[in-house]
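Both counts, for ligands and for their atoms, begin at 1 and track the order of listing.
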Amino acid sequence: MKKMILAILLVITFGAISLSVAQPSNPSKPNIVIIFADDLGYGDLSSYGSPNIRTPNLDKMASEGQKWTNFYAAASVCTPSRAGLLTGRYPIRSGMASDVARVLFPNSKGGLPQQEITIAEQMKTAGYQTAMVGKWHLGHHEQYLPTRHGFDSYYGIPYSNDMDRTPENPQQGNYLDGYWEFANDPIPLEYFNVPLMRNTEIIERPADQNTITRRYTQESIKFIEENRDKPFFLYLAHNLPHIPLFVSDEFEGHSDAGLYGDVVEEIDHGVGQIMDKLTELEIAEQTLVVFTSDNGPWLIFETHGGSAGMLRAGKGMTWEGGMRVPGIFWWPGTVQPGIVTDIGSTMDLFTTASHLAGVEIPDDRIMDGVNLTPVLLGEGNSPRNEMLFYRGATLYAARKGSYKAHYIIEGAYGSFEQRTTLETPLLFNLSEDPGEKYDIADRHPEILAEIEEMVQVHKQNLVKVKDQLAEREDN
Ligand code: MG
């Protein structure tokens with residue numbers, strides 16, 4: 001009898017052990033947290049080479065998880081980039097990319113159309129609790145707000161933090177006007193009458209931007225605590241480090257990279273608080289956290305803009321610096337740690353999140369996202385082999401594998417470098433030349449032809465939709 005009990009105990013004990021060892025981590029219905037920075041460049045984190053901005057929490061995320069080095073935002077400016085992330089489609093498909101206006105403004109009439117399906121709506125189908133905290137920028141009229149696009153709650157500034165300029169603000173007209181009057185002093189908060197909203201109500205105006213990064217983090221942590229026992233989806237989109245820069249007292253002078261560095265270090269601190277909270281609640285192993293940025297650094301703002309590191313150019317442009325951004329995936333016990341050189345995009349988060357939550361991908365429309373789960377688990381390569389680079393509603397460049405062709409080139413918004421359609425496209429091998437310096441078009445006409453064919457297929461499948469950014473109210 002004693003032997004039998006011992007045998008049973010042994011089976012139970014070793015059974016349990018073998019179960020916990022042999023069982024692969026279960027990627028079913030994890031919590032999903034997407035942290036999105038605004039205008040943070042490829043070179044702005046210490047793990048991506050910044051010599052003067054310290055980001056220990058994001059670096060920890062990268063070393064414990066995956067650091068992607070060929071990860072792209074869907075566009076090079078805010079509104080279309082956000083539409084691409086949330087819908088898993090190039091923003092041209094939803095009417096959220098335009099040649100008339102770069103982004104939505106406080107007097108814009110449009111927004112993300114109701115027929116678009118967002119990640120949040122996908123997650124609701126799977127029974128998730130959903131929250132959006134931060135910068136929306138997909139339409140501030142009630143019918144376009146996050147609460148109409150699958151989010152149970154919203155807390156944030158509905159567009160960019162440099163909008164709603166008051167009459168006293170010297171920064172009228174061109175966005176560089178008057179900005180440098182404040183190069184050495186904080187720009188007065190009251191110069192930007194931006195609203196802070198909770199769900200559909202304005203609760204503070206102007207929003208106190210000095211504390212906004214901290215408050216976004218606090219709001220996110222509150223949501224995580226309240227939903228610790230159910231699957232949740234949190235989309236935290238910081239308004240910063242987009243200009244004008246604001247930082248809480250605690251982080252003033254914190255970095256070696258001026259006010260810009262201070263702002264990034266405060267965001268990093270918040271990321272650390274979120275990771276700590278997930279660990280403390282013992283749900284880190286059921287949570288995928290993604291960190292990325294909506295576009296490259298706004299270089300014309302010099303020390304108030306970030307760095308694209310080794311990449312060429314920045315925000316607004318279709319060179320690598322405009323759209324290649326940090327991409328970090330953290331999910332202790334499930335994400336296979338490492339550096340990933342495969343191509344990925346923020347558009348893939350829709351498909352990846354849907355896959356993890358067990359939700360079907362819509363089959364009534366063209367989707368551009370792919371499922372990155374095999375790469376996250378260390379079981380396969382990224383299905384993405386291509387990336388298209390739009391400026392507004394016009395395709396400027398295209399990447400296939402290591403090669404990128406430029407058909408149209410243009411300088412930053414507001415610069416003297418006019419739009420030029422090239423007779424012979426430029427061609428770069430990004431594996432050897434990520435800075436896009438050495439044109440090899442004359443040596444590889446066959447590669448240019450292959451990319452051209454891919455572009456033609458894409459263009460043939462485009463459906464014309466209403467331009468959501470074009471219409472403005474008279475003012
Ligand atoms: Mg941006």
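Contact annotation: Cys78 places an N, O or S atom under 2.8 Å from the Mg ion (ligand 1). The Mg ion (ligand 1) has an N, O or S atom of Asn295 under 2.8 Å away, backbone or side chain.
With contacts defined as side-chain heavy-atom distances shorter than 4.5 Å, the pair Arg214/Phe251 does not qualify. Between Tyr260 and Thr303 the shortest side-chain heavy-atom distance does not fall below 4.5 Å.
Of all the N, O or S atoms in Asp38, the one closest to the Mg ion (ligand 1) is OD1.
One finds an angle of 100° at the Mg ion (ligand 1) between OD1 on Asp294 and OD1 on Asp39, to the nearest 10 degrees.
A side-chain donor from one of Ser255 and Asp262 sits under 3.5 Å from a side-chain acceptor of the other.
Residues passing the salt bridge (Lys or Arg N to Asp or Glu O under 4.0 Å) test with Glu252: none are found, sequence neighbours excluded.
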